[in-house]
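Residues take their numbers from the sequence shown, with the count starting at 1.
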Amino acid sequence: MNLVPITKAAPYAAADAEVTLQLVPLLAEKMKTHNCQKVFEDIEMPLLPVLVQMGKYRHQSGTVLSREI
């Protein structure tokens with residue numbers, strides 16, 4: 001995506017964000033139906049900063065990390 005001009009990337013990024021926002025109430029209801037909000041709130045969301053750091057590390061490491069795995 002960093003190789004695409006911003007004028008072409010912006011509409012795609014906006015549409016992606018819009019779809020994500022539209023999914024929030026649907027997925028929230030589904031979590032409520034399946035009684036799994038607690039797992040989301042107490043396990044998955046607290047792990048978000050860890051996943052972000054892992055993504056940054058992977059991006060910085062590039063193919064070196066891929067070769068190690």
Side-chain angles (χ1 to χ4, degrees):
M1 197 65 143
N2 63 343
L3 301 176
V4 178
I6 191 74
T7 54
K8 291 194 179 215
Y12 172 82
D16 192 41
E18 182 181 355
V19 169
T20 301
L21 285 174
Q22 290 175 5
L23 286 173
V24 170
L26 299 172
L27 294 175
E29 184 59 35
K30 199 167 257 211
M31 283 193 302
K32 188 176 181 181
T33 301
H34 294 285
N35 197 28
C36 61
Q37 316 96 298
K38 195 120 174 89
V39 171
F40 177 73
E41 294 167 2
D42 296 345
I43 298 172
E44 292 182 4
M45 288 307 291
L47 281 175
L48 194 55
V50 175
L51 296 173
V52 168
Q53 289 300 317
M54 289 172 65
K56 286 180 183 178
Y57 176 77
R58 182 174 182 264
H59 178 70
Q60 291 169 353
S61 300
T63 57
V64 175
L65 181 62
S66 299
R67 288 185 199 141
E68 290 177 10
I69 294 174

*Looking at CG of L3 and NZ of K8, how far apart are the two atoms once the value is rounded to the nearest 0.5 Å?*
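So the CG of L3 and the NZ of K8 are separated by 13.5 Å.
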_Let me confirm one number: the CE-CG distance from M45 to L51, rounded to the nearest 0.5 Å._
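It is 10.5 Å, given to the nearest 0.5 Å.
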*Under the side chain to side chain donor-acceptor pair (under 3.5 Å) test, residues paired with E29 that sit two or more places apart*: none
*Do the side chains of L48 and I43 join up, straight or via other hydrophobic residues, at under 4.5 Å, putting them in one cluster?*
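Unlinked, L48 and I43 end up in two clusters.
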*Find out if a path of hydrophobic residues (ILVMFWY) with successive side-chain heavy-atom gaps under 4.5 Å connects L26 to V19.*
yes
*Return the set of residues passing salt bridge (charged side-chain N to carboxylate O under 4.0 Å, His left out) with K32 (not counting sequence neighbours), or none when no residue passes.*
none
_Set of residues satisfying salt bridge (charged side-chain N to carboxylate O under 4.0 Å, His left out) with respect to D42, sequence neighbours excluded_ = K38
_If I compare all heavy atoms of M31 with all of Q37, which pair ends up nearest, and what's the gap?_
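So the two residues come closest at O-OE1, 3.7 Å.
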